[in-house]
Amino acid sequence: MSLPAQVKLVEVGPRDGLQNEKQTVPAEVKIDLIHRLQAAGLTEIEVTSFVSPKWVPQMADNAQVMAGISRQPGVRYSVLTPNLQGFEAALLTKPDEIVVFGAASEAFSQKNINCSIAQSIERFAPVVAAARAAGIYVRGAMSCTVGCPYEGDIAPERVGYLAGLMKGIGVQHVGVADTIGVGTPLKVQRAVEATLQHYDLADISGHFHDTYGQALANTLICLQMGVWQFDTSVAGLGGCPYAKGATGNVATEDVVYLLHGMGISTGINLDALIDAGQFISNFLGRPTQARAGKALLNRR
Ligand code: HMG
Ligand code: MG
């Protein structure tokens with residue numbers, strides 16, 4: 001077992017975290033949250049998505065949020081782009097990175113982006129080509145790599161198949177996502193192994209929702225495999241509107257506590273991160289979902 005000495009966290013709270021909120025979160029609040037996150041030491045922030053406002057109303061202020069953030073040197077800002085229309089709108093806002101998002105499950109692909117897996121790859125291909133021509137880094141999110149809300153268990157071969165398609169169109173990095181948080185460590189390990197047939201370890205990240213309380217265990221097994229990049233969400237916010245019942249991503253606070261406790265550095269100031277979590281939790285009017293965040297707050 002050789003654990004990485006350093007881990008990079010991609011903060012997805014402003015996007016994955018807030019996309020599912022019923023109450024409108026004003027652009028100013030999102031911008032304030034992003035400023036607090038970068039001040040806490042997060043160097044990768046998934047800001048918003050350029051998707052249909054009819055499908056995801058909460059992200060309709062995408063351009064406003066991108067325009068409103070004060071960019072900090074050394075911080076990279078990413079956005080989701082499902083098709084050329086989204087990419088063209090995103091390009092005007094100068095993201096450092098774009099994310100195309102596909103699924104290992106046919107049914108989820110249909111529900112989430114209204115097309116088959118094969119059609120999604122056809123739509124992504126020109127987006128990837130245009131992004132790379134513009135010097136923008138391309139990440140791919142692979143949803144439902146262990147389980148699907150509509151199809152149940154997903155075989156690792158299907159993850160390998162999707163990873164191969166992503167590689168074929170020039171996607172530079174892929175995230176292995178447990179969209180509904182049903183995965184347990186050995187299943188996650190198999191999904192990562194299937195991805196490793198097409199991507200190097202340095203080009204793979206983990207993205208774990210915590211519905212069944214398995215996300216930290218799933219993170220740990222990935223660390224043991226040498227994976228050193230993870231998507232996490234401040235205060236454990238999150239969920240996908242097209243994955244009913246799924247709760248938030250693993251909380252950034254909890255992953256930072258785990259990593260620092262194991263002597264793995266992140267560059268993140270946990271105290272300042274907890275303050276950012278309190279800021280958004282207070283706005284939403286509910287307690288943080290971060291267990292370490294809550295425990296440390298109680299000790300203050
Ligand atoms: P569609 O209806 O098939 O698209 O939606 P269309 O091309 O047929 O266009 C229909 C209408 O949508 C047109 O408008 C287009 O202009 C508009 P109308 O003429 O009817 O007024 N449209 C757009 N508007 C703004 N931005 C765009 C865009 N594209 C078309 N980019 C589409 C296809 C993909 C757009 C739709 O299904 C969609 O927006 N889905 C959103 C799905 C989503 O955001 N899900 C959550 C993010 S994924 C996630 O959370 C998982 C992840 O965290 C990893 C994990 O946990 O698994 C990443
Ligand atoms: Mg997600």
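Residue numbers run from 1 in the order of the sequence given. First listed ligand is number 1; within each ligand, the first listed atom is number 1. Small disclaimer: the values here were computed from a predicted structure and weren't measured.
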State the atoms of ligand 1, each with its element, that fall below the 4.0 Å cut-off from a heavy-atom position in [X].
| X | value |
| --- | --- |
| N83 | 27 (C), 28 (C), 29 (N), 30 (C), 31 (N), 35 (C) |
| F50 | 26 (N), 27 (C), 31 (N) |
| N112 | 37 (O), 40 (N), 41 (C), 42 (C), 43 (C), 45 (N), 46 (C), 48 (S) |
| A141 | 58 (C) |
| H209 | 56 (O) |
| P53 | 24 (N), 25 (C) |

- prompt: V250 and side chain to side chain contact (heavy atoms under 4.5 Å, CB included): which partner among N218, L258, L216?
  reply: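 Exactly one option meets the side chain to side chain contact (heavy atoms under 4.5 Å, CB included) with V250, and it is L216.
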- prompt: Do R123 and ligand 1 have an N or O pair less than 3.5 Å apart?
  reply: no
task: Check whether any side-chain N or O of E46 sits under 3.5 Å from a backbone N or O of P14 as a donor-acceptor pair, and report yes or no.
output: no
- prompt: In H207, which N, O or S atom comes closest to the Mg ion (ligand 2)?
  reply: NE2
- prompt: Is the count of non-hydrogen atoms from other residues, nucleotides or ligands lying under 6.0 Å from Q6 atom CD greater than 12?
  reply: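 For Q6, atom CD is not crowded (no more than 12 foreign heavy atoms under 6.0 Å).
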- prompt: Does W228 share a hydrophobic cluster with V12, counting links as ILVMFWY side-chain heavy atoms below 4.5 Å and allowing steps through other members?
  reply: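 They do not share one cluster, since no chain of ILVMFWY contacts under 4.5 Å joins W228 to V12.
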- request: Indicate whether the side chain of S205 and that of H173 have a donor and an acceptor atom separated by less than 3.5 Å.
  value: yes
Between H207 and D178: side-chain donor-acceptor atoms closer than 3.5 Å: no
Any protein heavy atom lying closer than 4.0 Å to [atom]?
| atom | result |
| --- | --- |
| atom 22 (N) of ligand 1 | yes |
| atom 13 (C) of ligand 1 | no |
| atom 8 (O) of ligand 1 | no |
| atom 48 (S) of ligand 1 | yes |

Of the side chain and backbone of [X], name the one, both, or neither that has a heavy atom under 4.0 Å from an atom of ligand 1.
| X | value |
| --- | --- |
| S52 | both |
| D16 | side chain |
| V56 | side chain |

Hey, is [X] close enough to [Y] for a salt bridge, meaning N to O under 4.0 Å?
| X | Y | answer |
| --- | --- | --- |
| R158 | D153 | no |
| D210 | R291 | no |
| K30 | D61 | yes |

- request: For atom 46 (C) of ligand 1, find the nearest protein heavy atom and state the residue, atom name and distance (0.1 Å precision).
  value: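 Ranked first by proximity to atom 46 (C) of ligand 1 is Q19 OE1, 3.4 Å.
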message: To check your reading of the site, what angle at the Mg ion (ligand 2) do OD2 of D16 and NE2 of H209 form, to 10°?
response: 100°
- request: State if M59 counts as touching ligand 1 under the rule of any non-hydrogen atom under 4.0 Å.
  value: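 Checking ligand 1 against M59, which is what was asked, there is no heavy-atom contact under 4.0 Å.
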- prompt: Do any heavy atoms of A103 fall under 4.0 Å from ligand 1?
  reply: no
field: Residue pair N112 / F101, side-chain heavy-atom distance below 4.5 Å
entry: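 Yes. Closest side-chain heavy atoms under 4.5 Å.
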Heavy-atom distance to [atom]: which of [options] wins?
| atom | options | answer |
| --- | --- | --- |
| atom 51 (C) of ligand 1 | S143, G86, A243 | S143 |
| atom 32 (C) of ligand 1 | D231, V51, I113 | I113 |
| atom 1 (P) of ligand 1 | N114, D178, N249 | N114 |
| atom 28 (C) of ligand 1 | Q85, Q58, K54 | Q85 |
| atom 58 (C) of ligand 1 | R15, H207, E46, E88 | R15 |

- prompt: Taking atom CD of E11 and atom CG of D231, what is their separation to the nearest 0.5 Å?
  reply: 9.5 Å
field: K111 charged N/C atom sitting above Y150 aromatic ring, 6.0 Å / 45°
entry: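 Yes.
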field: Residue pair G13 / S233: nearest heavy atoms and the distance that separates them
entry: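 Result for this residue pair: CA-OG, 3.3 Å.
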- prompt: Run the side chain to side chain donor-acceptor pair (under 3.5 Å) check on Q72 and Y77 step by step: do they pass?
  reply: CA-CA 10 Å; Q72 196 172 288; Y77 305 88; 5.9 Å; no
